[in-house]
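Let me begin by presenting the structure, written as structure tokens, before commenting on it.
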Amino acid sequence: MSTDSTKDPKSVYDFTVKDAKGKDVDLATYKGKVLLIINVASKCGMTNSNYAELNQLYDKYKHKGLEILAFPCNQFGEEEPGSNDQIVDFVCTRFKSEFPIFDKIEVNGDNSAPLYNFLKTGKWGFFKDDIQWNFAKFLVDKDGQVADRYYPTTSPLSLEQDIRKLLGII
């Protein structure tokens, strides 16, 4: 479960979350990077395409300052039923993903992870809306602020221009 490290967070860097092994990860370690934060699921109809495209983006931009942070969530159709170990095994074995996989969380409701509460309260009114389904995407700038939010059906590769802009690659 994610923890809130401040009472009034100003950026994603104010949060400490758990990785898939249960260790605390201070998101401040990602300062200066562009982050793509996604709620993921292993048994969703969009799993194959999303992981394949996320891997392509990560391979292309990880050395240029992009980090992809994947948060498993079982709130949508119970499509992420496994344990953290099973999820990591699935993602790393089937998709050969190298980006970090975190602790399974909730993204909506009373038990919503504090990080996701922050992400959903971006400066645009519609951001306060709940997450619609698996693979909702938040693009976060180098200052830890939400730059954009994308629907679950948005192809990760279609974000490339937005990612390049935040990375300063023309």
Side-chain angles (χ1 to χ4, degrees), residues 1-31 33-51 53-54 67-92 95 97 99-156 159 162:
M1 179 65 69
S2 298
T3 58
D4 193 351
S5 56
T6 66
K7 295 208 185 275
D8 187 23
K10 304 290 185 217
S11 78
V12 298
Y13 305 135
D14 293 330
F15 293 91
T16 298
V17 297
K18 299 276 187 198
D19 69 12
K21 297 289 185 195
K23 295 181 192 166
D24 284 342
V25 176
D26 184 347
L27 293 185
T29 61
Y30 294 107
K31 274 188 179 174
K33 300 219 176 209
V34 171
L35 305 177
L36 185 56
I37 301 175
I38 306 163
N39 59 299
V40 298
S42 300
K43 298 187 181 299
C44 178
M46 298 182 288
T47 299
N48 290 341
S49 61
N50 271 273
Y51 274 115
E53 292 185 19
L54 290 170
E67 283 293 337
I68 295 173
L69 309 182
F71 288 87
C73 178
N74 196 39
Q75 282 187 287
F76 307 103
E78 297 182 0
E79 294 180 340
E80 190 66 281
S83 68
N84 284 347
D85 287 342
Q86 290 169 323
I87 294 164
V88 169
D89 184 57
F90 173 79
V91 173
C92 295
F95 295 102
S97 297
F99 48 82
I101 309 292
F102 290 87
D103 188 26
K104 191 188 300 188
I105 62 167
E106 290 187 15
V107 297
N108 291 331
D110 292 341
N111 295 319
S112 178
L115 172 63
Y116 266 80
N117 290 335
F118 176 80
L119 293 171
K120 293 186 292 186
T121 57
K123 51 189 162 195
W124 301 274
F126 67 90
F127 269 37
K128 292 181 183 175
D129 293 346
D130 279 346
I131 303 299
Q132 303 87 358
W133 199 255
N134 305 309
F135 296 101
K137 300 156 190 77
F138 289 90
L139 189 58
V140 176
D141 67 20
K142 293 178 182 181
D143 295 320
Q145 301 301 311
V146 176
D148 218 333
R149 176 178 175 172
Y150 306 90
Y151 287 103
T153 54
T154 304
S155 157
L159 311 182
D162 294 342

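Position 1 is the first residue of the sequence, and the numbers go up from there. These figures come from a predicted structure and were not determined experimentally.
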Could you walk me through whether E67 and V34 pass the side chain to side chain contact (heavy atoms under 4.5 Å, CB included) check? CA-CA 6 Å; E67 283 293 337; V34 171; over 6 Å; no

Please test L119 against I131 for side chain to side chain contact (heavy atoms under 4.5 Å, CB included), starting from the C-alpha separation and ending with a verdict. CA-CA 10 Å; L119 293 171; I131 303 299; over 6 Å; no

Test salt bridge (charged side-chain N to carboxylate O under 4.0 Å, His left out) on D103 and K21; report intermediate values, then the result. CA-CA 7 Å; D103 188 26; K21 297 289 185 195; over 6 Å; no

Side chain to side chain contact (heavy atoms under 4.5 Å, CB included) assessment of L159 paired with T154: CA-CA 8 Å; L159 311 182; T154 304; 3.8 Å; yes

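Taking 4.5 Å as the limit, every side-chain heavy atom of N108 sits out of range of all side-chain heavy atoms of Y116. Using a 4.5 Å heavy-atom threshold, the side chains of I37 and V140 count as touching. Taking 4.5 Å as the limit, some side-chain heavy atom of L27 sits within range of a side-chain heavy atom of L69. Contact of the F135 side chain with the Y51 side chain is registered, since non-hydrogen atoms from C-beta on lie closer than 4.5 Å.
To the nearest 0.5 Å, the span separating CG on D85 from CD1 on I101 amounts to 12.5 Å. How far CG of L36 is from CG of D148: 11.0 Å, rounded to the nearest 0.5 Å. Interatomic distance, CZ of F102 versus CD1 of I38, reported as 11.5 Å (0.5 Å rounding). Annotation: the span from K43 atom NZ to N134 atom CG amounts to 12.5 Å, rounded to 0.5 Å. Atom CD1 of I87 and atom CG of N74 lie 8.0 Å apart (nearest 0.5 Å). Taking NZ of K18 as the start and CZ of F71 as the end, the distance is 12.5 Å to the nearest 0.5 Å.
Listed here is the closest heavy atom pair of V107 and Q75: N-OE1, 2.6 Å. Shown here for D162 and L139, the closest heavy-atom pair between the two residues is CB-CD2, 3.7 Å. Scanning all heavy atoms of the two residues, the minimum distance from Y151 to Q132 falls at CE2-NE2, 3.2 Å. What you find for S97 and C92 is that their closest heavy atoms are O-SG, 3.7 Å. S42 and E80 get closest at one heavy-atom pair: OG-OE1, 2.7 Å. Contact record, W133 with N39: O-ND2, 3.0 Å, taken as the closest heavy-atom pair.
At a cut-off of 3.5 Å, with distance as the only test, a side-chain donor of N117 or S112 sits close to an acceptor on the other residue. Using a 3.5 Å distance cut-off with no hydrogens or angles, the side chains of Q145 and S11 do not pair a donor with an acceptor.
Looking only at distances, a side-chain donor or acceptor of K104 sits under 3.5 Å from a matching main-chain atom of G82. With hydrogens and angles ignored, the 3.5 Å screen pairs a side-chain donor or acceptor of K137 with a backbone N or O of P152.
Residues that satisfy the ring-ring contact (aromatic ring centres under 6.0 Å, His included) test with Y30, not counting sequence neighbours, are absent from this structure. Evaluation of the ring-ring contact (aromatic ring centres under 6.0 Å, His included) rule for F90 yields F95 as partners, not counting sequence neighbours.
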